[in-house]
Every structure is written in structure tokens, then in C-alpha cells.
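Below, chain A is the first sequence line, B the second, and so on; all start at residue 1.
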Amino acid sequence: MQLTQSHEGVSLTQLIVKEQERERRLFQIKVVISWIALFAFLFFLFSGAQIGDFKTIQLDGSFINEWAPFIAEGVVVTLEICFISIFFASILALLAALGRLSHIAPIYALSTFYVSLIRGTPLLLQIFFWFLALPQLGIVLPGMVAGVIALSLNYGAYMSEIFRAGIQGVSRGQREAALALGMTPGQTMRRIVLPQAFRFVVPPVGNEFIAMLKDSSLVSATGFVQDILWRAQKVGRANFHTLEALLIAAAWYWVLTLIFSAIQARLEKRLSQGDR
Amino acid sequence: MSIIRVSHLDKLFGHLHVLKDIALTVEPQEVVCIIGRSGSGKSTLLRCINFLEQPTRGTIEVDGLVVDVQQHRLTNEQKQTIHEIRLCTGMVFQEFNLFPHLSVIDNLIEAPLTVKGTPRDQAIPLAEMYLDKVGLMSKRNEYPSRLSGGQKQRVAIARALTMEPKVMLFDEPTSALDPELIGEVLEVMKQLAQEGTTMLVVTHEMEFAGDVANRVVYMDQGAIIEEGAPSQMFSAPGDPRTRQFLERLLRAE
């Protein structure tokens with residue numbers, strides 16, 4: 001009985017919650033400190049410092065100062081590729097998901113064929129394919145457009161599963177209620193199912209976008225898209241400082257990933273609070 | 001003329017024969033309750049009437065609209081008739097099935113707007129009238145997640161009524177509710193019955209059936225065993241299966 005009774009105005013449960021809160025905060029502080037230590041160690045590895053026989057990696061600071069701005073210009077290109085590609089990938093994924101759920105055999109087949117073909121071949125190969133195949137048909141696209149087509153098609157195939165799960169996550173009762181009210185299957189999908197599926201779909205699509213930030217670098221392999229990695233390789237090779245250049249590129253990809261992960265986490269939190 | 005006429009209705013799920021040669025009629029302004037143990041096919045029967053479940057064979061007639069199913073594949077003409085049948089039947093589900101992404105008022109006007117093409121400024125007063133009827137005008141702008149189970153079901157009833165159907169189908173409307181919330185839903189249904197709404201109700205609420213129904217239908221193992229006025233059914237059931245079902249129910253209470 002003593003357990004549940006209040007003690008100086010504060011109940012035991014409140015005390016326990018407070019204690020857990022304190023422990024959680026302490027844990028977070030420890031994590032932050034460890035991150036800082038790991039960062040310091042990482043910097044040390046590239047500091048060029050020498051302790052006894054132990055050598056760290058020597059970087060050319062003047063090269064970094066000179067060429068970092070040039071590489072940074074690629075950030076806009078990388079983001080541009082990703083935003084456009086994730087947009088078209090989402091549309092393709094929705095269509096592929098609807099096709100996968102269709103009872104019309106050719107549509108179902110088209111959807112599964114597309115997904116299977118894309119998932120069965122490497123992304124880098126697909127990028128080269130669009131870059132090399134289209135000119136044969138007399139269509140010469142800027143490297144950027146070929147890259148966006150390749151990324152959109154590739155991610156669309158992978159993301160179709162996300163959209164399918166989102167659509168199927170809307171309960172059967174929702175569909176039945178709409179049909180019973182006289183709505184057509186099309187109206188039911190547009191007005192009732194998809195708006196609810198959208199909520200399930202946003203967080204995983206955010207994850208795909210973050211993955212795409214890095215995969216978009218493969219597009220630079222065609223040599224005609226001046227994104228972060230393309231710029232890094234270009235100046236690195238020309239000046240025999242490829243390592244420095246790649247590290248700058250790596251830092252940018254990491255920073256972008258951190259920023260968009262934070263945005264995504266916030267978005268996810270807000271969506272989960274919505275009116276379920 | 002009967003508002004609902006079901007004849008020779010059969011429903012099979014694979015080899016499972018869940019409805020066997022069902023015949024049922026509902027007259028205008030009549031309240032008919034279907035009772036029976038779970039798995040007896042009562043919900044399936046109700047769902048066959050507006051084709052949420054497609055009958056394997058049989059004829060469904062609602063307000064003069066006839067669909068005679070003899071094969072699995074429906075013709076376009078039949079699909080059109082099914083659409084019209086759905087327009088003149090309102091359905092209330094055990095699990096409410098309110099649209100969680102829409103506010104209460106938007107739940108009510110969604111179908112009038114998209115299905116009937118009613119202008120917004122006409123749909124809203126209509127919806128408000130029915131919301132008022134179920135006593136939930138104060139929840140007009142809330143989202144379903146903020147309502148209690150009983151309130152959700154009352155909104156679901158108002159949503160069905162806003163389409164102004166000729167007949168209301170209730171599929172165990174109180175089975176998913178906490179006991180203390182059942183009363184408010186039954187109260188609304190009673191009121192509708194008194195106003196002359198034609199209702200076909202699948203229910204386990206024997207007291208409600210006794211008070212409100214004009215006719216009670218007892219189903220067992222996919223067949224209608226007997227039907228009659230509630231007073232006669234409850235006091236002197238003709239079939240031993242009905243008697244056994246009612247006795248077990250009384251003992252449970």
C-alpha cells in the first residue's frame with residue numbers, strides 16, 4: 001500500500017519517471033561526448049601528425065583551401081538530381097504499386113516485369129544504359145537528364161514496395177465503407193485510401209531520398225554531370241590530390257545526410273502525432 | 001412492394017457453404033433483426049445485399065433494382081445496378097470505419113459531394129441535420145480519433161443517413177463497443193425506428209430486438225430457421241434450435 005501513496009506530494013511513479021528521465025539524459029550526454037571523441041580521433045588520423053613510428057595521413061591544406069569551393073558547387077547539382085529523381089521515382093512507385101495490386105493481368109505483369117528488371121541489374125549499369133542506349137535511338141540527352149531517368153526508374157522500382165505496403169496498410173473496412181456509400185473503386189482509391197497511405201509512405205520515402213543522395217554520385221561516372229563526386233575526381237586527378245578531393249566530397253555527403261536525416265526524423269515525429 | 005427481397009441466395013467461400021438458399025423480405029418502414037450465433041452467416045447475408053460480398057448465386061432486389069447472379073463475372077449493367085443499390089442502402093459497420101483523415105463533418109459530406117455531386121452549401125446543412133439527430137453537433141469539427149466508440153458509431157450512422165438511403169443495414173453495430181457505450185447507440189437506432197426508417201439489423205442485443213423489431217429472423221449454419229414477431233419468437237420459438245439458442249443466451253445473462 002505504501003508504494004502507491006504520495007510521499008511529500010510526489011508519488012512514487014513520478015519519482016521513477018523522473019529517475020528514468022535523468023538516466024536517459026545522462027546516456028545522451030555520454031553519447032555526445034563519445035561522438036566528439038570519435039570526431040577528434042578521425043581528425044587526428046588525417047592530421048599528418050607522427051608519434052614515434054605511428055604515422056597518420058598527411059593532407060595538403062593549400063589544395064583543400066584552393067579547390068573546396070569548386071567541389072562545393074556540386075552540392076547544388078547533387079541536390080537537384082535527387083529532388084527531381086525522388087519526385088519522379090515516387091510517381092513511378094505509386095503506379096507500379098497500383099499495377100501490382102491490379103487484377104488486370106497485363107497491368108500486373110507490366111508492373112512486376114519493371115520491378116524485376118530494375119532490381120535484377122546494377123544501378124551503375126542502368127545509368128550507362130540510358131546514357132548509351134538513347135543516342136542510338138537518335139535521342140541525345142544531357143548527362144543530367146539521363147542520370148535522372150536512371151535514378152527515377154531505379155528508385156521507383158524499389159519504392160513500389162513502400163507504396164504497396166502503404167496502400168495495403170489502409171484497412172479493408174475503409175474501402176468497404178467507401179464502397180457502401182456508393183463511391184466507385186477509383187474514388188475510393190483517390191479520396192479514401194491514398195490520403196491515408198500517404199501518411200505511412202512519407203517516412204520511408206525520406207529514407208530513400210537519403211540513400212539517393214549517395215547513389216546519385218554514380219551518375220558522375222558518365223562524365224557529364226558536374227555533381228560533388230565528379231568535381232572531386234576532376235580536380236583531384238588534375239592536381240594529383242585525389243585523396244584530398246575525395247575527402248572533401250565525403251564530408252559533403254555526410255553533412256547532407258545528417259541534415260536530411262534530421263529533417264526526416266522531425267517529419268516522421270510530426271506525422272506520427274497526427275489525427276489517427 | 002417489399003423494399004428488400006432476397007431469394008435463392010447461396011454463398012460459398014471455396015467449399016464452405018455459408019449461405020444456403022436464403023429467402024428474406026423487408027417491407028417499407030419495417031425493422032427486421034437477424035439473430036443467431038456467430039458464424040451462422042448473418043453478417044454475410046447483410047453484406048450480400050449491398051454486394052460487399054458477392055453472392056455465388058441468387059437474386060437480390062432492393063427498391064425495385066434487381067441483380068440476378070448466376071455466374072461469378074458480373075455484366076457492366078449489373079455493376080451499374082449494384083452501384084444504384086448501394087446508393088439506396090446505408091450501411092453501419094461493427095468497426096465504425098470512419099475515415100480517420102477527415103473531420104466529422106467531412107466524413108458526412110464526402111459521399112454526397114463525390115458520389116451525388118451535391119453542392120457543398122447544400123450538403124453541409126443536410127449533414128448538420130443528421131449530426132444533430134445523433135446528438136453530436138458539438139463534435140462537428142473533431143477528428144474521429146478524438147471520439148469515444150459510441151460517438152464514432154453515432155457519427156457513422158449520421159454518415160450513412162446523409163446519403164438519404166431507403167433502407168439502413170446495421171452489421172452488429174454495438175459489438176465492438178464497451179458495455180457502457182452500447183446504450184447511446186441503441187437509443188439512436190430506436191429513434192430512427194420510431195421515425196419509420198426501414199432497418200435490417202444484425203445484432204446480439206436481444207432486448208433491442210424485443211423492443212424495436214417488427215420481425216426477428218433466426219439463422220443457424222447458413223440457413224434461416226424461423227422468423228416471426230419478437231413476442232412469439234422469444235416466448236414460444238417453434239424450432240428446437242431457436243429455443244436452444246435463446247436459452248443459452250438467457251443463461252449467459
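Using a 4.5 Å heavy-atom cutoff, the side chains of A/Arg190 and B/Thr114 are not in contact.
No more than 12 heavy atoms of other residues, nucleotides or ligands shown are found within 6.0 angstrom of CZ on A/Phe198. At most 12 non-hydrogen atoms from other residues, nucleotides or ligands lie less than 6.0 angstrom from CZ of A/Phe87. Within 6.0 Å of the NZ atom in B/Lys166, the count of heavy atoms belonging to other residues, nucleotides or ligands does not exceed 12. Within 6.0 Å of atom CZ in B/Phe13, more than 12 heavy atoms from other residues, nucleotides or ligands are found, so the atom counts as buried in its surroundings. Annotation: A/Phe88, atom CZ; neighbour count of heavy atoms from other residues, nucleotides and ligands within 6.0 Å does not exceed 12.
Within residues 166-181 of chain A, the residues having any heavy atom less than 4.5 Å from a heavy atom of chain B are, in residue-number order, A/Arg172, A/Gly173, A/Gln174, A/Glu176, A/Ala177, A/Ala178, A/Leu179, A/Ala180, A/Leu181. Of all residues in residues 71-86 of chain B, those placing a non-hydrogen atom less than 4.5 angstrom from a non-hydrogen atom of chain A are B/His83, B/Arg86.
The line from CG of B/Asn97 to CD1 of A/Ile192 is 11.0 Å long, rounded to the nearest 0.5 Å. Within the model, atoms CG of B/Leu113 and CZ of A/Arg191 stand 7.0 Å from one another, a figure rounded to the nearest 0.5 Å.
Using a 4.5 Å cut-off between heavy atoms, B/Phe99 contacts chain A through both its backbone and its side chain. Within the 4.5 angstrom heavy-atom criterion, only side-chain atoms of B/Arg47, from C-beta onward, approach chain A.
Looking at B/His101, its side chain never comes within 3.5 Å of a backbone N or O of A/Arg199 through a donor-acceptor pair.
Chain A forms more heavy-atom pairs under 4.5 Å with one residue of B/Glu95, B/Met91, B/Glu110 than with any other, namely B/Glu110. Contact count versus chain A (heavy atoms, under 4.5 Å) is highest, among B/Val92, B/Thr162, B/Leu98, for B/Leu98.
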